[in-house]
Structure formats: structure tokens, C-alpha cells
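One-based numbering, in listed order, for ligands and for the atoms of each. Just so you know, these numbers come straight off a predicted model, no measurement behind them.
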Amino acid sequence: MTNFSATKLYEGKAKILYPTDDPEILLTYFKDDATAFNAQKRGQIVGKGEINCSIAAALFQELTKAGIPNHYIDCPAPNQMRVKAVKIIPVEVVVRNIAAGSLCRQTGLPLGKVLPQPLVEFYYKNDELGDPLLTIDRLLLMELASPAQLEQIKTMTLGINQILGKFFQDCGITLVDFKLEFGVDNQQQIILADEISPDTCRLWDAQEPDPNLRVLDKDRFRQDLGNVEGAYQQVLARVKQALS
Ligand code: UDP
């Protein structure tokens with residue numbers, strides 16, 4: 001049973017983590033709160049909690065079917081997800097298929113340039129330091145993961161990119177880039193954790209040429225493009241349609 005009187009284990013920008021009666025299982029509550037630019041911009045996206053929870057649940061189930069181990073168990077309510085307890089590796093793994101966001105800002109590559117192959121990047125998950133981009137050597141120096149774990153994370157990430165890229169293509173959506181987080185379970189296995197949603201992915205309507213209208217993700221909130229709720233609902237509707 002959901003015990004909301006229990007002390008929160010952790011509250012992040014978009015989710016709250018609660019313990020359950022089973023120490024192997026945690027309950028994630030998805031909030032409507034939205035933040036950007038390391039929480040300097042704050043707001044609410046009405047219905048986001050339920051939408052992101054539903055999208056993430058659908059994507060985790062697709063990944064499970066494709067053999068990618070992840071923390072998803074089930075959703076006891078529309079904005080709640082039960083997940084396997086893991087120790088989160090404090091590294092944000094970003095995969096990019098098309099240049100956007102910080103890749104454009106930091107390299108000068110033009111927005112929308114299709115990359116010759118997916119680019120996997122690692123960022124240190126540390127708000128105080130502003131989530132800096134890591135080199136592999138820094139990541140290993142900081143012992144954030146072992147070399148073997150890092151290899152496994154990279155292989156899993158590229159696999160996830162293939163599976164989700166195809167899935168979103170079937171939804172008429174281009175998977176531009178996204179962020180993943182991994183955790184270590186009680187058997188020391190690396191599994192996919194956190195969430196995959198329009199908060200953590202760049203998703204473009206594949207049929208829409210207009211660079212503002214095509215955006216179906218948190219960039220609508222970051223860049224004040226308007227109709228944020230509508231875009232998130234659109235993604236959920238297309239995901240549901242693809243699964244039906
Ligand atoms: N991302 C995320 N959380 C973060 C940083 C990035 O989910 O703390 C996602 C973001 O939504 C995008 C991808 O990772 O899909 C790449 O983000 P980028 O590095 O371009 O950062 P931004 O331009 O958003 O600052």
C-alpha cells in the first residue's frame with residue numbers, strides 16, 4: 001500500500017521518492033513541477049505528473065520486452081510508479097542523434113544537424129557544480145563507475161537509443177536526444193532507472209518543418225514556446241496509439 005505519511009526518501013525537481021513496506025521497492029510520485037536551467041526557471045505543467053508517469057511506464061515496458069533491464073514494476077495510480085530500489089550512479093548519460101541544446105551552444109554545430117552516428121556523453125549529476133560534462137578519464141578518476149560498468153552503460157545506452165528511436169519513429173516523432181540514469185541493484189547489476197519522458201528527451205514532430213511548432217518536449221517550457229501541456233498530451237496520445 002502507498003504510505004504517504006512515510007518520510008520522503010528524496011525529493012527531486014520532478015519526482016518524490018517514498019519507501020514502501022518492501023525495502024526492495026520504492027514508490028515514485030511524479031510532480032507537475034517543471035524546472036529548467038538548473039532550477040533557475042520554475043513553473044508547473046498541468047497534468048505533467050500523470051502524463052510523464054504514463055509515458056515512462058510505456059517506454060520502460062517496451063524496453064523490458066526488448067531485454068533491457070530497468071527499474072519499472074507497475075503504476076498503482078496514474079502519477080505513481082513502483083520501482084526496484086537501486087543505488088543511482090551519479091552520471092547523466094545523454095545520447096544525441098541530432099544536434100540541439102548544449103551541443104550546439106558548446107560546439108557551434110547547427111541546430112538540427114543529423115549526427116553521423118549517435119553521440120553518447122556523460123555529465124556529473126551534481127546541481128552545485130551545474131552538472132558538468134565529464135571526460136571518460138575524469139569519470140574514472142572520480143570512480144563514478146568502473147571501466148566495465150562504463151562499457152556496459154554505453155552498450156545499454158546505444159541499444160536503448162535504437163529501440164526508442166524506432167518506437168518514436170512509429171509515433172511520427174523524431175528522437176533528437178535524451179538523458180538516462182542508471183543504478184546498481186542489490187545483485188550488483190546495472191539497470192536503467194529514473195524516467196524517460198518529454199522532460200528528459202527532445203522529441204520533434206517528424207512531419208512538422210516549423211522549428212518552433214515541431215517541438216513536443218520540455219524545450220517548449222525552457223524557451224517559452226507556449227502550449228507545453230498540449231505537446232506533452234500529444235506525445236502520450238501518440239505513444240498510446242502506437243501501443244494499441
Ligand atoms: N537533460 C535532462 N536533464 C538534465 C540535462 C539534460 O533530462 O539535467 C536532457 C534534455 O532534456 C535533452 C538532453 O538531455 O533531451 C540533452 O540536453 P542538453 O545537454 O542539450 O542540455 P540543455 O540544452 O537542455 O541545457
Assess whether salt bridge (Lys or Arg N to Asp or Glu O under 4.0 Å) is satisfied between Asp194 and Lys15, documenting all intermediate values.
CA-CA 9 Å; Asp194 195 48; Lys15 298 189 290 297; 2.9 Å; yes
Quickly, which of Arg214, Arg238, Arg220 forms a salt bridge (charged side-chain N to carboxylate O under 4.0 Å, His left out) with Asp205? Name it, please.
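For Asp205, the salt bridge (charged side-chain N to carboxylate O under 4.0 Å, His left out) check succeeds only for Arg238.
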Could you please provide the protein residues found below 4.0 Å of ligand 1 on a heavy-atom basis, arranged by chain and number?
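Those residues closer than 4.0 Å to ligand 1 by some heavy atom are Glu92, Val94, Arg96, Ala100, Gly101, Ser102, Arg105, Tyr123, Asp131, Asp177, Phe178, Lys179, Asp199, Thr200, Cys201, Arg202, Arg222.
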Strictly by modelled atom types, are Asn79 and Glu50 linked by a side-chain donor-acceptor pair under 3.5 Å?
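Glu50 and Asn79 do not have a side-chain donor-acceptor pair below 3.5 Å.
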Does the side chain of Asp199 come under 3.5 Å of the side chain of Tyr232 through a donor N or O and an acceptor N or O?
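On atom types as modelled, these side chains qualify, holding a pair under 3.5 Å.
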Quick one: does Asp177's side chain have a donor or acceptor within less than 3.5 Å of a partner on Ile98's backbone?
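Side chain of Asp177 to backbone of Ile98: no pair is present.
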With sequence neighbours left out, write down each residue that passes side-chain contact (heavy atoms from CB on, under 4.5 Å) with Leu119, or none if nothing qualifies.
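Scan of Leu119 (side-chain contact (heavy atoms from CB on, under 4.5 Å), adjacent residues dropped) gives Arg96, Leu103, Leu115, Glu121.
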